[in-house]
Amino acid sequence: MRIAVIGGGPGGLYFAYLWKKRHPEDQVDLFEQNPADATWGFGVVFSDQALEFLRADDPETVDAISPHMESWENITLNLSGDSVAIDGVGFSSIGRLELLRFLQQRAINAGVTPRFDTPIHAIDQLNGHDLIVAADGLNSLVRRAFEGDFGTSLSYSSNKFVWYGTSKRFETLSQTFVKTDRGAFNAHHYRYSPTMSTFLVECDHATWQAYGFAYKDVEQSKGVCEEVFADTLGGRSLVSNKSVWRNFPWVWNEHWSFKNMVLLGDALHSAHFSIGSGTRLAIEDAIALVKALESDAHLSTALHRYQAARKPVVQKLVNAARTSAFWYEHFAQHMQQGLMDFAYSYITRSGRIDDSRLRAMSPAFMARYEAAKNGGDEA
């Protein structure tokens with residue numbers, strides 16, 4: 001079989017590597033419009049659960065990247081100068097570019113033919129390939145060319161966000177909520193290497209308008225964010241990398257394949273950054289697609305099997321992500337609560353965690369929360 005993979009992000013690279021490794025006789029061509037060392041963003045986060053899922057299918061990859069990852073067991077929330085730790089929530093992170101380089105090398109070693117700096121402008125360029133795997137992200141050419149056939153829907157969250165990095169090291173995945181005289185801001189920040197951290201800033205549309213961000217350039221916006229989060233950054237500056245204000249796009253497709261074309265990752269669905277699952281979902285899509293293709297020699301049947309097996313899993317996670325995103329759209333209102341009630345609201349925001357699970361997962365936090373509720377002083 002001859003396979004074309006469009007998109008050199010984690011999902012496309014991982015599918016290409018996995019298929020070529022297991023089917024060395026097949027030809028796998030990977031097309032990426034950007035250079036091999038180009039990427040948008042900074043760090044990539046995996047929950048402990050996501051890494052264990054990947055380990056079950058590919059322990060070799062997890063063992064290889066784990067030494068290069070930063071890990072922690074708590075989430076730290078900072079609100080109005082006070083902090084609370086939520087224990088038992090394990091995550092690991094790695095630089096996005098470092099992860100891409102690692103997956104690029106594994107794909108090349110397996111025999112994949114990568115073509116960087118090679119944009120695909122029309123599907124006709126891929127005539128002769130038996131299967132086209134569209135892993136080309138939110139602006140997928142394949143999906144946009146056949147939106148009606150894929151049953152595509154697209155909408156946007158109302159909040160604005162901008163993605164920075166910083167040399168300030170943070171000990172855990174942290175959230176800092178700041179109220180100013182013109183509105184409220186939140187920063188998601190975590191280290192992804194010994195010397196660098198991701199620093200994602202968001203605010204609601206009213207705050208964004210009040211600060212005139214629509215009329216500020218990248219450097220001016222960065223300056224405002226550095227001022228708002230001066231205490232959090234400890235005097236460090238922010239680092240830009242295509243750091244422009246955006247609304248989070250919600251992409252969904254009812255049909256995951258059309259003819260010999262199949263979608264995966266952000267081309268297929270998007271999950272809000274507040275649950276840190278975009279890269280995880282793309283890699284899990286790749287694993288599911290490989291399994292489906294191996295289960296049936298007939299391409300059409302295999303692609304339908306991919307959707308039937310994977311769609312309910314993704315739908316559940318995307319629904320949780322939408323619920324989480326809705327909480328963030330109203331985080332300024334939640335900030336009016338006391339620290340412990342605010343933290344409880346935050347950790348239960350997706351609807352997937354109830355009190356019994358929280359007691360088992362985060363016993364120290366729940367003990368503090370329940371003591372505050374009973375005492376009535378911190379909640």
Side-chain angles (χ1 to χ4, degrees), residues 40-45 75-80 91 93 96 138 155-166 168 170 172-192 197-233 237-251 266 270-279 318 320-337 342-343 345-347 349-350:
W40 180 73
F42 295 89
V44 175
V45 172
I75 292 176
T76 304
L77 298 183
N78 306 299
L79 175 68
S80 303
F91 286 95
S93 64
R96 182 174 173 82
L138 292 168
S155 60
Y156 293 89
S157 289
S158 63
N159 268 18
K160 292 284 188 175
F161 76 95
V162 58
W163 199 352
Y164 299 110
T166 180
K168 167 77 174 179
F170 298 100
T172 71
L173 189 152
S174 307
Q175 302 256 336
T176 298
F177 297 83
V178 175
K179 185 80 168 68
T180 76
D181 59 353
R182 282 184 276 178
F185 289 85
N186 174 38
H188 309 239
H189 44 94
Y190 57 88
R191 70 184 188 276
Y192 62 84
S197 299
T198 284
F199 203 92
L200 187 151
V201 178
E202 67 176 327
C203 63
D204 60 28
H205 192 264
T207 302
W208 185 78
Q209 285 184 312
Y211 273 85
F213 283 122
Y215 306 100
K216 287 179 167 56
D217 61 24
V218 170
E219 285 301 310
Q220 290 171 327
S221 286
K222 183 168 76 74
V224 172
C225 292
E226 288 171 340
E227 182 179 345
V228 170
F229 291 100
D231 291 342
T232 306
L233 290 166
S237 60
L238 293 173
V239 179
S240 295
N241 179 7
K242 301 180 182 177
S243 300
V244 296
W245 289 99
R246 308 172 64 204
N247 295 79
F248 184 82
W250 291 102
V251 174
D266 285 348
S270 57
H272 195 253
F273 50 79
S274 63
I275 64 168
S277 294
T279 300
V318 168
R322 284 185 176 270
T323 306
S324 174
F326 182 79
W327 187 93
Y328 278 94
E329 287 182 303
H330 302 277
F331 75 80
Q333 297 174 26
H334 296 295
M335 288 172 65
Q336 299 173 21
Q337 302 176 94
F342 175 80
S345 172
Y346 163 82
I347 197 61
R349 68 192 184 281
S350 70

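Being a predicted model, the structure only gives us computed values, none of them experimental.
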Determine the interplanar angle of the Phe185 and Tyr211 rings, folded into 0 to 90°, and report it as parallel if under 30°, tilted if 30 to 60°, perpendicular if over 60°. perpendicular
Taking every heavy atom of Ser221 against every heavy atom of Trp245, the minimum-distance pair comes out as OG-NE1, 3.3 Å
Would you compute the distance between atom CZ of Phe248 and atom OG of Ser155 and round it to the nearest 0.5 angstrom? 9.5 Å
May I ask you to decide if the ring planes of Trp163 and Phe42 are parallel, tilted or perpendicular, using 30° and 60° as cut-offs? perpendicular
Can you name the closest pair of heavy atoms from Arg96 and Thr279 and give their distance? NH1-OG1, 4.2 Å
Closest non-hydrogen atom pair, Phe177 against Leu79: CB-CD1, 4.0 Å
According to the interplanar angle, ranging from 0 to 90°, do the rings of Trp208 and His205 count as parallel (below 30°), tilted (30 to 60°) or perpendicular (above 60°)? tilted
Going by salt bridge (Lys or Arg N to Asp or Glu O under 4.0 Å), name the residues that satisfy it together with Glu227, two or more places apart in sequence or in a different chain. none
So, taking the atom named OG in Ser345 and the one named CD in Gln333, what distance separates them when rounded to the nearest 0.5 Å? 10.5 Å
For Arg191, enumerate each residue passing the salt bridge (Lys or Arg N to Asp or Glu O under 4.0 Å) test, keeping only those at least two apart in sequence or located in another chain. Glu70
Side-chain donor or acceptor of Ser324 paired with backbone N/O of Ser350 under 3.5 Å: no
Classify the ring geometry of Trp327 against His334: parallel below 30°, tilted from 30° to 60°, perpendicular beyond 60°. parallel
Please round to the nearest 0.5 Å and tell me the distance separating atom CD of Glu202 and atom OG of Ser157. 9.0 Å
Is the closest side-chain donor-acceptor distance between His189 and Thr176 under 3.5 Å? yes
As an exercise, state the distance from CD1 of Ile75 to OG of Ser174, rounded to the nearest 0.5 Å. 9.0 Å
May I ask you to check whether over 12 heavy atoms, not counting those of Phe326, lie within 6.0 Å of atom CZ? no
Looking at Pro249 and Leu138, what are the two nearest heavy atoms and their distance? CG-CD1, 3.6 Å
Enumerate the salt bridge (charged side-chain N to carboxylate O under 4.0 Å, His left out) contacts for residues 208-221, please, sequence neighbours excluded, ordered by first and then second residue. Glu219-Lys222
Does any part of the side chain of Asn159, heavy atoms only, come nearer than 4.5 Å to the side chain of Phe331, both counted from C-beta? yes
Please list, chain by chain and in numerical order, all residues satisfying side chain to side chain donor-acceptor pair (under 3.5 Å) with Tyr328, sequence neighbours excluded. Gln175
Can any side-chain N or O of Thr166 pair as donor or acceptor with the backbone N or O of Ser237 at less than 3.5 Å? yes
Of the non-hydrogen atoms in Val224 and Phe213, which two are nearest, and what is the gap between them? CG1-CZ, 3.5 Å
Tell me, please, which residues at least two apart from Lys179 pass side chain to side chain contact (heavy atoms under 4.5 Å, CB included). Ala184, Met335
Does Cys225 offer a backbone N or O that forms a donor-acceptor pair with the side chain of Tyr164 under 3.5 Å? no
Between Ala271 and Trp250, what is the shortest heavy-atom contact and its length? CA-CZ3, 4.4 Å
Drop me the distance from Thr172's OG1 to Leu77's CG, to the nearest 0.5 angstrom. 9.0 Å
Starting at CZ of Phe199, measure out to CG of Leu233 and round the result to the nearest 0.5 Å. 4.0 Å
Partners passing side chain to side chain contact (heavy atoms under 4.5 Å, CB included) against Asn247 (at least two apart in sequence or in another chain): Tyr156, Lys160
